[in-house]
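See structure below.
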Amino acid sequence: NLSQQFVAANDKLHFMFEIGSFVDYFTIPPMFVSIYMDRTWIGLRFLRVLRLMSIPDILQYLNVLKLSTSIRLTQLIAMFISVWLCSAGIVHLLENSGDPPDFDNGQSLTYWDCVYFLMVTMS
């Protein structure tokens with residue numbers, strides 16, 4: 001999918017530095033490494049949630065959003081939810097990995113526990 005998008009892009013340099021491209025750079029290679037090593041790693045998979053920030057553009061393209069105020073509100077909500085879920089992913093990764101330098105004493109938290117903890121902390 002990434003290679004197809006790259007070929008279809010009008011401005012290749014701009015495409016290489018988009019946030020969606022960076023998400024793919026940090027999430028696709030670790031998947032192949034985990035298959036090769038035959039073990040899973042939480043890794044940076046939580047960055048995929050940043051794709052939610054493109055929802056306002058999609059809704060605008062489909063003519064669901066027409067007013068500038070509704071577009072801006074949707075962008076704000078998408079940004080808030082993306083940052084919130086991405087932050088929960090960071091907390092999930094750090095808590096389950098353990099304490100450096102030996103990375104022992106890891107907590108067994110689910111992703112949704114981390115989402116809940118962040119919501120409680122933010123409120």
Side-chain angles (χ1 to χ4, degrees):
N1 190 12
L2 180 65
S3 59
Q4 293 171 349
Q5 290 175 352
F6 180 74
V7 170
N10 292 333
D11 187 6
K12 308 271 192 249
L13 185 63
H14 183 263
F15 174 79
M16 290 174 59
F17 292 106
E18 284 182 342
I19 192 161
S21 298
F22 278 111
V23 168
D24 290 338
Y25 298 153
F26 290 118
T27 57
I28 294 173
M31 181 188 64
F32 290 118
V33 171
S34 67
I35 290 171
Y36 176 74
M37 295 179 67
D38 196 31
R39 71 182 280 199
T40 59
W41 180 55
I42 295 171
L44 302 175
R45 289 183 285 177
F46 60 87
L47 290 176
R48 299 299 265 168
V49 79
L50 293 177
R51 292 277 187 178
L52 289 176
M53 289 193 296
S54 66
I55 287 177
D57 298 330
I58 295 168
L59 293 177
Q60 187 178 2
Y61 178 72
L62 295 173
N63 288 327
V64 174
L65 299 176
K66 296 177 183 170
L67 300 174
S68 63
T69 54
S70 62
I71 294 169
R72 295 297 290 168
L73 180 63
T74 308
Q75 288 174 340
L76 179 69
I77 291 170
M79 178 74 75
F80 176 76
I81 290 173
S82 296
V83 169
W84 179 37
L85 294 176
C86 188
S87 300
I90 293 170
V91 170
H92 183 248
L93 173 66
L94 294 177
E95 287 295 327
N96 285 313
S97 295
D99 300 328
D102 297 329
F103 295 102
D104 55 352
N105 191 25
Q107 305 298 314
S108 180
L109 290 175
T110 66
Y111 176 77
W112 297 109
D113 287 340
C114 295
V115 170
Y116 171 73
F117 292 146
L118 276 176
M119 180 52 92
V120 169
T121 302
M122 289 170 42
S123 63

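All values below were derived from every heavy atom in this structure, side-chain atoms included, with hydrogens, water molecules and symmetry-related copies excluded. It should be emphasised that the depicted structure is a prediction, and the values quoted were computed from it without experimental measurement.
No donor-acceptor distance shorter than 3.5 angstrom exists from the side chain of S97 to the backbone of L94, with no hydrogens or angles considered. Of the possible polar contacts, none joining the R48 side chain to the V23 backbone as a donor-acceptor pair under 3.5 Å is found. Judged by distance alone, with hydrogens and angles left aside, the side-chain atoms of S21 form no donor-acceptor pair with the main-chain N or O of F17 at under 3.5 Å. In terms of modelled atom types and a separation under 3.5 Å, the side chain of K66 and the main chain of Q60 share no donor-acceptor contact. Looking only at distances, a side-chain donor or acceptor of T110 sits under 3.5 Å from a matching main-chain atom of D113.
Of the inter-residue distances, the one linking S123 atom OG with L118 atom CG reads 10.5 Å to the nearest 0.5 angstrom. Summarising the geometry, atom CD1 belonging to I55 is positioned 8.0 Å from atom CD1 belonging to I81; distances are rounded to the nearest 0.5 Å. Here the OH atom belonging to Y111 is positioned 15.0 Å from the CD atom belonging to E95, to the nearest 0.5 angstrom. Rounding to the nearest 0.5 Å gives a distance of 10.5 Å between OG1 of T74 and CZ of R72. Here the CD atom belonging to Q75 is positioned 6.5 Å from the CG atom belonging to D57, to the nearest 0.5 angstrom. C114 SG to L85 CG: the interatomic distance, rounded to the nearest 0.5 Å, is 11.5 Å.
Neither L59 nor M79 shares a network with the other; the hydrophobic side chains, linked directly or stepwise wherever heavy atoms of I, L, V, M, F, W or Y lie under 4.5 Å apart, form separate groups for each. Placement of Y61 and F15 in two distinct hydrophobic clusters is found when ILVMFWY residues are connected by side-chain heavy-atom separations under 4.5 Å, directly or transitively. If you chain together hydrophobic residues whose side chains sit under 4.5 Å apart, L13 and F6 fall into the same group. In terms of hydrophobic clustering, with Ile, Leu, Val, Met, Phe, Trp and Tyr side chains grouped at heavy-atom distances under 4.5 Å, V115 and V120 are assigned to different clusters. M119 is connected to I77 through a chain of hydrophobic side-chain contacts under 4.5 Å among Ile, Leu, Val, Met, Phe, Trp and Tyr, so both are in one cluster.
Residues F117 and V91 are not in side-chain contact: their nearest non-hydrogen atoms beyond the backbone lie 4.5 Å or more apart. A 4.5 Å side-chain heavy-atom check between E18 and D24 finds every atom pair outside the cut-off. Residues M16 and Y25 form a side-chain contact, since some pair of their non-hydrogen atoms from C-beta on lies under 4.5 Å apart.
Scanning both residues, V49 and C86, for their nearest heavy atoms gives CG1-N, 3.6 Å.
Sparse packing is recorded around OH of Y116, with 12 or fewer heavy atoms of other residues, nucleotides or ligands lying under 6.0 Å away.
Taking the six-membered ring where tryptophan is involved, the planes of F80 and W84 are essentially parallel, since the angle between them stays under 30° and well short of 60°.
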